[in-house]
Amino acid sequence: MRAIEILYRLITLSLNIMSEKEIPKTYDAFKVEDTIYKAWESSGYFNPDNLKGAKDSFTISMPPPNATGFLHVGHAVMLSVQDLVIRYQRMNGKKALWLPGTDHAAIATQTAVEKLLKKEGKTRHDLGREKFLKRVEEYVENSRDTIRNQIRKIGSSCDWSRERYTLDKGLTTAVNEAFVQMYEDGLIYRGHRIVNWCPRCHSTLADDEVEYKPAKEKLYWIKYGPFTLATARPETKLGDTAVAVHPDDPRYKKYIGKKIMIPGVLGEFEVTVVADKAVDREFGSGVIKVTPAHDFTDYEIARRHNISMKQVINEDGKMMENCGKYHGMKTRECREAIVKDMQKMGLIKKIDEDYDHNLSVCYRCGEVIEPLPSEQWFIDVNKKLDRFGGRTIKEESIRVVKNGDIKIIPERFNKTYFHWMENLRDWCISRQIWFGHRIPVWYCKDCKENKKYKMGFHQDIVPQLYSGKTITYRLKPKDFKADDQVAFENSQTKEIIGYGIIRNIKETTVGKLPLDNKAHGATYNKIEELIDAFKKHYHNLKVSENTKAYVIEYEFKQGKLTKPIVLRDKPVCCSQCNCKTLEQDPDTLDTWFSSGLWTFSTLGWPEQAKDLKTFHPTQLMETGYDILFFWVARMIIMSTYLVREVPFEKVYLHGLVRTKSGEKMSKSKPETVIDPLDVIKEYGADSLRLSLLIGSTAGNDVKLYKEKIAGYRNFVNKLWNISRYVLMTVKKPELIEKLPKAETSSDKWILQRLAQVTEQVSRDLESYNFSNAGEVLRDFTWNDFADWYLEISKVEKSKDDILLYCLQSLLKLWHPFMPFVTESIWKNLSDDFLMIQKWSELKSKSDIKIENDFEIIKQTIIALRNLRAEHNIEPAKKLKAVVIAKSKVKLIEENKDVVLKLARLSDLQIEKTSKKPAHSASTLTSGVEIYLPLEGVIDIKKEQNRLEKEKEQLEKYIKGFEQKLSNKGFVENAPKEIVKVGKEKLLTAKENIKKLEQQIKDIK
RNA sequence: GGGCUUGUAGCUCAGUUGGUUAGAGCGCCUCAUUGACGUUGAGGAGGCCAGAGGUUCGAAUCCUCUCAAGCCCACCA
């Protein structure tokens, strides 16, 4: 670490020395970026604990990339935006924490390792669970550094000392704790239900992990007892247990409730005819066959009518033993075979080819999903919870967004979010893969063998969870707030007599009785009632009057209250039979279950860690809109439930990165993919960041292509050269503490503009308008500062302080956008890091005169340049010009040298009143008349035409205004200011047209 | 089927709560250039703001409809 710093100082030093002689003409990002990053990292300033004087915290949880992944442009966007925000907040005096990490990405990683094994001719089952997991861990460990270093490449100023991994110990504890709390609250349950099953991944999938693909399928019309009905999946006929019709359909009323024998390929079977509104009378024949085990709608129908289910497809996607001769066939094969057999029996009436159908496929591997019944763990999204005052997790998640605790940017995604939440079904959280967080539940072997299923929908095994043991931590009074969980301790015996939830500190404390595993909580509205309940519950415990006083005393007089956390241990024996033959549930949890805890599990939850208090809730969640549901919604569910806090205050959703023609970049089309690392190598990280930040707005896709990146590379180089010029021109490169004094019109103007731009940029960054901030800054840097002020500084000279002041301000303002080049220039001004400099709070004065004055000079110069260009006068030729300046004589005189130089004049004659030189090209600007006497040189005809054209335009303009001003409605209704300005403009325009007319006359 | 977004210069996009003659960058054209920068400078051309209707004194901006491009959700056998 030290060595790096020394190396860095050396480079800095050499840069400093160079600045006195020569700074390279071109900025070479490749040469400096890694060194600068190492210096930042070893400075310790990525860690907010080292930011002295910082007060409020500002936290961003980095969405964890897959531990085995590679950096792609999607990451590049997220890292650029987040780094921009965190750097701005750090400079703005916040205790800025950007917490990095990686995700174990259960299915994706396991699949990757299985592919490797396949090359060796093995499956995971050959290795066994333990060995396989070891193999996966090795694989992860080997590739995790790749993504870590790639994150660094882009300049991410995240706190690596706090880096987390979803499978590390603390996070696993958090997952277990979350599971147990949810189970105890009745929020997590186990059920034998129909789920989305991927036969290739050999696992369940959540509803939103299923994708739909349009496909042309065959639709079979089959004879079904007295009915004819259509199906796309005739093989499921083997699992039919009912037939459903619409309750009001007169055609089938007589069958409702009857049991009917249906002829089939394996002989007759019995179905019940039920009436259900889910049936569409208009579609097909208005009759559907019901296969509860292999179709979601059918499952619901069966449940409503208490119909049993018959599973015929197994977890390999093959027909089961109960399918007779079809046993062992894949569903597709079976479909063909069964159709043939049915045709032979005359059961097929007709077949529609090209039936438009949506195939449900696995979002990971693309395999067709088989819905099938399975014993799985679910989160009950409709369970009313005491914690939420009777609301469900769904309702609570909607509430925190509705009431503004969480703000989604852009706002339109609220609608999508609400819609998704409102329609959320129970979330299946168990996965049949090995890699991931194993479900913290044990079953007793003995009890399991005696398990009994009721109706196929319930089961009655009692799972053994991690059992709880309460330990306590001391709390400081300021840490105590409403909704905290607290333990009540007898002040004399020091014994914990219970814990509860504080609802309102000041007056009434509502507590919830606890408890131990068995007792269920109740809610009390007064502290006295709570104490009484304690007394009742703990028969043997003497609750002294002290205890009561103690709690109340705490609120006002700093008593001693403690807050419990529960450490979980594996259960030792079965709670039913006391035997010790326990085995853990073989399944693992959905990746999104642990990701849902990310904002707080990474900060130490479930312990009452200091970081959790300091940095949670986080301020910003920045991620792509494509994972609003997968992830963002789940974090909101988990955090509101487990921590009773929103996980973040704002959600900024960025768009997808597309190619220039708007195509999605996809691995399957390598030519569309831009590799951020290649870009960094060729153009530098700063250029990449700018191309992703400027021109992209929240929720909208951003197009990335070489020309764009090259454009920003040019800009980075421009800034480098601006700095190079300033550093080489000034007597001594140094930081300027105080706002320098402005002498000339241009000085006043540039400082005024700088202040305006600073304000605008701060405003934009605060309100997440990053693109606009960048654009405003670029315009100022390139146009105002480089093209005007620097050029003027060559004429007016001795502007060291202002040049340096502007430069240092620019570097600060640009730093969050392009940290590398700004930091490397900064080294010429100071030994401190730019990264931790204080953000500029320059305020602009509302002084219109400053702007107007300089505007006149600017316009005069531009007008002279135009005259030259229009008459094809070569730029090298120095000209004499006459300016009739009226009231602005003094101003023009003061800036005479500037005008001479920038307009390439040999002489400028400044007159107060009209005394037009003959044979001149002329123009008007800002109340100043400009003449370029060019006897014999200018083309009279051309000049005449030009003036006529100008006149025409002006006439049109005046006409428009006159119309407007003669309109009664406008004069009466428009704001006075608008009317007043309009009148003034009309007047000047009229004056100008008179002058034009005169000029046209004169020129003849 | 439901919902959302987008449509402004050849291309990529700005355009705040409606208010002068609609802006920028790139590209194009003309010219310049050894003194910070050719990864540059000066100037120019180029737009019925997708279309139609409406509200208004006034619409790129608000409302309705139409057309086009795209996205998300749901899903019926």
Side-chain angles (χ1 to χ4, degrees), chain A residues 23 25-27 208 212 219-220 229-233 236 244 278-280 282-291 295-298 357-358 360 410 412-413 415-416 419-420 423 625-626 628-629 655-656 660-662 683 687 694-697 699-705 707-708 710-729 769 771-772 775 778-779 782-783 786-787 790-791 794 861-862 865-866 868-870 872-876 902-904 953-954 956-957 960-961 964 967-975 977-979 981-982 984-986 989:
Chain A
I23 298 173
K25 275 192 166 187
T26 332
Y27 170 64
D208 42 345
Y212 295 95
L219 184 67
Y220 304 89
L229 50 78
T231 178
R233 303 198 57 189
T236 60
V279 181
D280 181 356
E282 310 303 320
F283 192 92
S285 58
V287 183
I288 62 172
K289 62 192 209 54
V290 178
T291 324
D295 185 284
F296 280 89
T297 314
D298 292 3
H357 188 65
N358 269 336
S360 24
R412 73 183 129 92
F413 280 96
K415 218 169 179 173
T416 331
H419 182 257
W420 186 83
N423 293 294
Y625 61 72
D626 49 331
L628 178 65
F629 305 136
L656 256 50
K660 192 172 184 182
S661 56
Y683 300 98
S687 314
I694 298 180
S696 96
T697 47
N700 295 319
D701 293 350
V702 54
K703 293 180 184 175
L704 187 68
Y705 42 92
E707 299 91 306
K708 192 169 172 180
Y712 286 109
R713 188 265 326 269
N714 295 353
F715 178 70
V716 170
N717 192 57
K718 183 73 186 179
L719 182 66
W720 175 262
N721 273 293
I722 287 169
S723 313
R724 181 171 180 250
Y725 175 74
V726 172
L727 293 170
M728 295 199 322
T729 311
N769 291 314
S771 177
N772 201 53
E775 273 178 62
R778 185 193 48 198
D779 290 350
W782 207 318
N783 302 337
D787 289 345
L790 283 190
E791 290 308 317
K794 292 173 186 171
I861 293 165
I862 290 173
R865 285 172 176 168
N866 281 345
R868 257 179 195 286
E870 273 156 23
N872 295 328
I873 302 161
E874 46 182 304
L902 299 199
R904 291 174 170 274
Q953 266 182 357
L954 203 54
K956 230 166 107 189
Y957 175 66
F961 256 115
K964 202 172 200 181
N967 184 336
K968 246 195 208 165
F970 174 70
V971 182
E972 279 163 19
N973 295 320
E977 197 52 31
I978 300 279
V979 179
V981 171
E984 278 166 17
K985 303 243 159 160
L986 182 61

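Not measured: the values here are computed from a predicted model. Per chain, numbering begins at 1; letters A, B, ... match sequence-line order.
- G1(B) and U17(B) have their P atoms separated by 34 Å, given to the nearest Å.
- Among the atoms of the strands shown, none is found under 4.0 Å from any heavy atom of L986(A).
- When distances run from any side-chain atom of Y705(A) to the nucleotides G41(B), U21(B), U12(B), the shortest one goes to U12(B).
- R865(A) comes within contact range of the sugar-phosphate backbone alone, with a heavy-atom separation under 4.0 Å but no base atom that close.
- Within the nucleic acid shown, R778(A) comes within 4.0 Å of sugar-phosphate atoms alone, with no base atom in reach, counting heavy atoms only.
- Put simply, W782(A) has a side-chain N or O that comes within less than 4.0 Å of OP1 or OP2 on G41(B).
- For the side chain to side chain donor-acceptor pair (under 3.5 Å) test, residues two or more places apart in sequence or in another chain that qualify with Y625(A) are D701(A).
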Sub-3.5 Å pairs of nitrogen or oxygen atoms, protein against nucleotides 57-65 of chain B:
| from | atom 1 | to | atom 2 | distance (Å) |
| --- | --- | --- | --- | --- |
| C57(B) | O2' | N967(A) | ND2 | 2.5 |

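- Residue T697(A) has its side chain nearest to A14(B) when only U20(B), A36(B), A14(B) are considered.
- Regarding contacts with the backbone of U12(B), a side-chain N or O of K703(A) is found under 4.0 angstrom from either OP1 or OP2.
- Neither OP1 nor OP2 of G3(B) sits under 4.0 Å from any side-chain N or O of K415(A).
- With hydrogens and angles left out, the side chain of E791(A) and the base of A36(B) share a donor-acceptor pair within 3.5 Å.
- For C26(B), the OP1/OP2 oxygens have no side-chain nitrogen or oxygen of K660(A) closer than 4.0 Å.
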- Protein heavy-atom contacts under 4.0 Å, written 5' to 3' over nucleotides 72-77 of chain B as B (base), S (sugar-phosphate only) or - (none), form the string SS-BBB
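- Atom C1' of U16(B) sits at a distance of 14 Å from the matching atom of A60(B), rounded to the whole Å.
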